[in-house]
Q: 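Please find one structure pasted underneath; my questions will follow.
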Amino acid sequence: MTAQILDGKATAAAIKSELAARVAALKEKGITPGLGTVLVGDDPGSQKYVAGKHRDCAQVGIASIQRELPATATQEEIEAVVRELNEDPACTGYLVQLPLPKGIDENRILELIDPDKDADGLHPMNLGRLVLGEPAPLPCTPNGILTLLRRHGVEIKGAEVVVVGRGVTIGRPMPLLLTRRSENATVTQCHTGTRDLAAHLRRADIIVAAAGFPHLVRPEDVKPGAAVLDVGVSRNAEGKIVGDVHPGVAEVAGWISPNPGGVGPMTRAQLLVNVVEAAERSAG
Ligand SMILES: Nc1nc(=O)c2c([nH]1)NC[C@@H]1CN(c3ccc(C(=O)N[C@@H](CCC(=O)O)C(=O)O)cc3)C=[N+]21
């Protein structure tokens, strides 16, 4: 068997063209959505990701607001930029690119973001709203994964889903989305304390591999026909992306998300969705 591709690049392109129409409608009402990014330091990976987000914005007609600080920026200096974006009416949503330099209290910065402008959907208020079942911007990667599955017709309702990882951006919120009544999946969350990962993986209809451990999910541990989402981003000695899923899984799985070209572009598309929805809410 050779798995069908969960094509994140093409799906993200379709979402962006839908968003372009919504942005045009907002502009007719005199509202231009604007995405802000706060980039601290000069990590080439972070610079590349942020540049990609602004390229996406240009494609759909969202304005870009870019704030850059040196790696030596203090807690107070970063907080001042966050306060400024909270006040800036041109900025309808923004994010602070993670990770922040050592010595910076990341959580304190994230909590300072106006929850109504939280493009990542990771503000404690919005994670709380998600738990309570109230409308909120959704975490981009988990929501991107759901959208990718839905648009390829992969059944989520009733599925046994194994999420590997418990990081704040993906592993922790992913089960919150999957267990909503609208999704109705059954979720097992695995992590470094899991005794027998393979035993859990073998039962899964859907695997979300977000551990950041190269080739953690191996072909012999995947149920034939399962959908496998490769979220991990590690880099080998040549700087090439190495995912959490072993390439041999493509011979066993029914669906697989390539990496790159799978979950990454979907994350960026959902970020734009959050910005447009925030602007639509402010339009009333
Ligand atoms: N506040 C915050 N929000 C984030 O959403 C956030 C962050 N900080 N810090 C870093 C991670 C990483 N991340 C990616 C998004 C898209 C791709 C992406 O589009 N990747 C391309 C390939 C890019 C390449 O070749 O390097 C792909 O998968 O096809 C990758 C990684 C968002 N993050």
Side-chain angles (χ1 to χ4, degrees), residues 5-13 15-16 35-57 59-60 65-69 78 81-82 85 91 93-101 104-115 117-124 126-127 137-145 147-148 165 167-174 208-212 214 228-236 238-245 256-275:
I5 299 298
L6 294 162
D7 190 342
K9 221 172 143 184
T11 309
I15 291 170
K16 283 192 274 185
L35 171 71
T37 58
V38 181
L39 176 59
V40 184
D42 40 25
D43 175 68
S46 295
Q47 286 172 336
K48 194 172 158 205
Y49 292 146
V50 168
K53 290 166 188 177
H54 291 291
R55 220 181 312 119
D56 292 337
C57 283
Q59 284 173 12
V60 304
I65 301 157
Q66 303 195 42
R67 296 284 179 268
E68 288 181 21
L69 291 117
I78 303 171
V81 171
V82 167
L85 291 179
C91 174
Y94 71 99
L95 63 92
V96 177
Q97 184 74 14
L98 302 175
L100 290 170
I104 300 294
D105 185 341
E106 220 165 70
N107 287 350
R108 229 182 87 186
I109 305 245
L110 296 182
E111 287 185 25
L112 213 60
I113 295 173
D114 178 347
K117 291 191 176 190
D118 170 26
D120 273 331
L122 295 175
H123 188 283
N126 289 322
L127 291 173
L138 298 174
C140 298
T141 304
N143 199 26
I145 288 168
T147 305
L148 192 58
V168 175
T169 52
I170 305 151
R172 187 71 72 190
M174 186 84 241
V208 178
V228 181
L229 291 119
D230 188 358
V231 193
V233 184
S234 306
R235 295 198 186 256
N236 65 14
E238 293 101 64
K240 249 190 80 190
I241 290 178
V242 183
D244 283 5
V245 176
I256 195 158
S257 75
N259 187 3
V263 174
M266 292 301 296
T267 299
R268 282 159 48 181
Q270 295 300 155
L271 179 73
L272 303 183
V273 168
N274 284 346
V275 174

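Indexing begins at 1, ligand by ligand and atom by atom, following the structure's order.
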Q: Just to verify, what does Asp43 make a side-chain hydrogen bond (donor to acceptor under 3.5 Å, both in side chains) with, not counting sequence neighbours?
A: Ser46
Q: Heavy atoms, side chains only, cut-off 4.5 Å: are Gln47 and Asp42 in contact?
A: yes
Q: Taking Asn259 for its side chain and Val233 for its backbone only, find out whether a donor-acceptor pair lies under 3.5 Å.
A: no
Q: Distance from Glu111 atom CD to Asp118 atom CG, nearest 0.5 Å?
A: 11.5 Å
Q: Output all residues satisfying salt bridge (charged side-chain N to carboxylate O under 4.0 Å, His left out) with Asp56, sequence neighbours left out; order by chain, then residue number.
A: Lys16, Arg268
Q: Restricting to side-chain hydrogen bond (donor to acceptor under 3.5 Å, both in side chains), what partner residues turn up for Thr147, sequence neighbours left out?
A: Gln270
Q: Tell me which residues fall inside the under-4.0 Å heavy-atom shell around ligand 1.
A: Lys48, Tyr49, Lys53, Leu95, Val96, Gln97, Leu98, Asp120, Arg235, Ile241, Pro260, Gly261, Gly264, Pro265, Arg268
